[in-house]
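We name chains A, B, ... by the order of the sequence lines, and we start the count at 1 in each one. In what follows, every heavy atom counts, from backbone to side chain, and hydrogens, waters and symmetry copies are set aside.
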There are 2 protein chains.
Amino acid sequence: MSGRDRETRERLLRAAERLFAERGFRRVTVRDICRRARANVAAVNYHFGSKLGLYREVLQYASDALRATTDEARRAGEGCAADEQLRRFVHVYLRRLLAGGANGWIHRLINQEMADPTPALDTLVEQALRPRIEYLSRVVAALLDCPPEDPRVRRSVASLQAQSVAYLPNPLAARLGMRATTSPAAIDEVARHIAEFSLAGIRAIGALPPRP
Amino acid sequence: MSGRDRETRERLLRAAERLFAERGFRRVTVRDICRRARANVAAVNYHFGSKLGLYREVLQYASDALRATTDEARRAGEGCAADEQLRRFVHVYLRRLLAGGANGWIHRLINQEMADPTPALDTLVEQALRPRIEYLSRVVAALLDCPPEDPRVRRSVASLQAQSVAYLPNPLAARLGMRATTSPAAIDEVARHIAEFSLAGIRAIGALPPRP
DNA sequence: ACAGGCATCAAACATCTGTTTTATACAAGT
DNA sequence: ACTTGTATAAAACAGATGTTTGATGCCTGT
């Protein structure tokens, strides 16, 4: 295997990461990727078998990164009380979610896959999403002092997750005149909002009478 | 104009509503619509000029319905305190959002348009989404006792909106083993969760020191 | 030096999709 | 009865898109 082949293979991966993260699997064409990677149209099929093969490889990388994010967030909260664990989880997650740097594409890609799934969703769910949700459920269950299977836990985790992804730049927010959250200071503020908002929410849910 | 033409026009609209709401504009083909409506492939272009023309007509109807939902929610809270206004807003919205009846497609369609916009997004934003957000902002601003332009208001409204749409049936939730929220009792419970969770969150945000 | 394997490329292919065309059938008005 | 306008139908068209093909050139091992 020569050096040149690896090169265009890498170029294809770099181009695919950005494009898939921006527009999702369906709205990116093989020709888009090859144009950006300065490669021939046949290159994708040669190196990855198919467009989906290339996508799977890119998504696998992102899935591993999401797992790493979860693990980092978990470590950041080790030994803390549950409310502090939640704060740090949100903080770590949002910093990675909204970061514009070299790894900024990773969580955008995962969000695209969740919004408009491909056959590759299942492995993503099992490898990265489910562990993440299970950890979050344990933290919330500790706050509510109830088993993780309690419907109030499920709903609170849903509230948490939904709030986080709402801050990804999207056309609707742009149309409503909101500017993207990218600076570290703004990200910290949003993380604080979500954490404190949700902590208070969870406590209120825990104090609620079971059924009015 | 004979009676028969109006008939297939209506059939096309009925078919388009369901399909667009299920899969969004891009993932529905003209042939899908015509097959379901038992009409010829050329029927869409004949009656509506183009696929986008048909979509615009369907979306306009949905946009009007969303406005009506906002107005109903507003009326439901008239004369109440701000926290009760928020509770009723969430309740009315979720009942319409998750209702499986003949109008169940409406809010699903709007969600599709927000997730994957078409050229028709702008009118939807101006006619239905902006009034809705402005009302919600006023309610939240009253709770926080601050002007509606305060960033804490914007973020709280985002939290509220994000939580609500999270309960639409989606492939990810299905993959995670959550069953859809469709029964009136379950909808009421979710609405209560979102309202109480968010009210506590908003109060906590209001009590927070401006910058730590 | 040469033969084999491999990456690259231009072109073509097959399919899908929105749209247009052309012809036909039917209803209404004169 | 004849003309006219309109809805429907089958077919074709044009462009996009994922994939395949066959040729070409380059590197490597012998």
Next item on the list: Could you check which residues of residues 17-38 of chain A get a heavy atom under 4.0 Å from DNA chain C? Sort them by number, please.
Entry: A/R31
Between [N] atom [atom2] and [X] atom [atom1], what is the distance in whole Å?
| X | N | atom1 | atom2 | value |
| --- | --- | --- | --- | --- |
| B/N40 | C/dT19 | CG | C1' | 12 Å |
| A/E10 | C/dT8 | CD | P | 12 Å |
| A/N45 | D/dG18 | CG | P | 9 Å |
| B/L12 | D/dA9 | CG | P | 11 Å |
| A/R11 | C/dC9 | CZ | P | 8 Å |
| A/F48 | D/dT19 | CZ | P | 13 Å |
| A/L52 | D/dT17 | CG | C1' | 15 Å |

Note to self: Please confirm whether the shortest side-chain N or O distance from A/H47 to OP1 or OP2 of C/dC6 is below 4.0 Å.
What the structure shows: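 Looking at the OP1 and OP2 atoms of C/dC6, neither is under 4.0 Å from any side-chain N or O of A/H47.
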Checklist line | Phosphate OP1/OP2 of C/dG18: any B/S50 side-chain N/O under 4.0 Å | finding: no
Notebook entry, point to check: How many angstroms lie between atom CG of B/L66 and atom OG1 of B/T70, to the nearest 0.5 angstrom?
Noted result: 4.5 Å
Next item on the list: Could you please name the option among D/dA10, C/dT19, D/dT19 that lies closest to any side-chain atom of B/K51?
Entry: C/dT19
Note to self: So A/A43, base contact, sugar-phosphate only, or nothing? Heavy-atom distance under 4.0 Å.
What the structure shows: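 No contact at all - A/A43 keeps every heavy atom at 4.0 Å or more from the nucleic acid.
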Output every pair passing salt bridge (Lys or Arg N to Asp or Glu O under 4.0 Å) with a member in [range], not counting sequence neighbours, ordered by first then second residue.
| range | result |
| --- | --- |
| residues 33-46 of chain A | A/D32-A/R35 |
| residues 39-62 of chain A | A/R9-A/E57 |
| residues 101-126 of chain B | A/R27-B/D116, A/R175-B/D122, B/R26-B/D116, B/E126-B/R130 |

Note to self: Run the ring-ring contact (aromatic ring centres under 6.0 Å, His included) test against A/F197 and tell me which residues pass, sequence neighbours left out.
What the structure shows: A/H193
Checklist line | side chain to side chain donor-acceptor pair (under 3.5 Å) partners for B/R132, two or more places apart | finding: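 For B/R132, the residues satisfying side chain to side chain donor-acceptor pair (under 3.5 Å) (neighbours in sequence not counted) are B/Q161.
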Check: Do side-chain atoms of A/S156 reach the backbone of A/R152 as a donor and acceptor pair under 3.5 angstrom?
Finding: yes
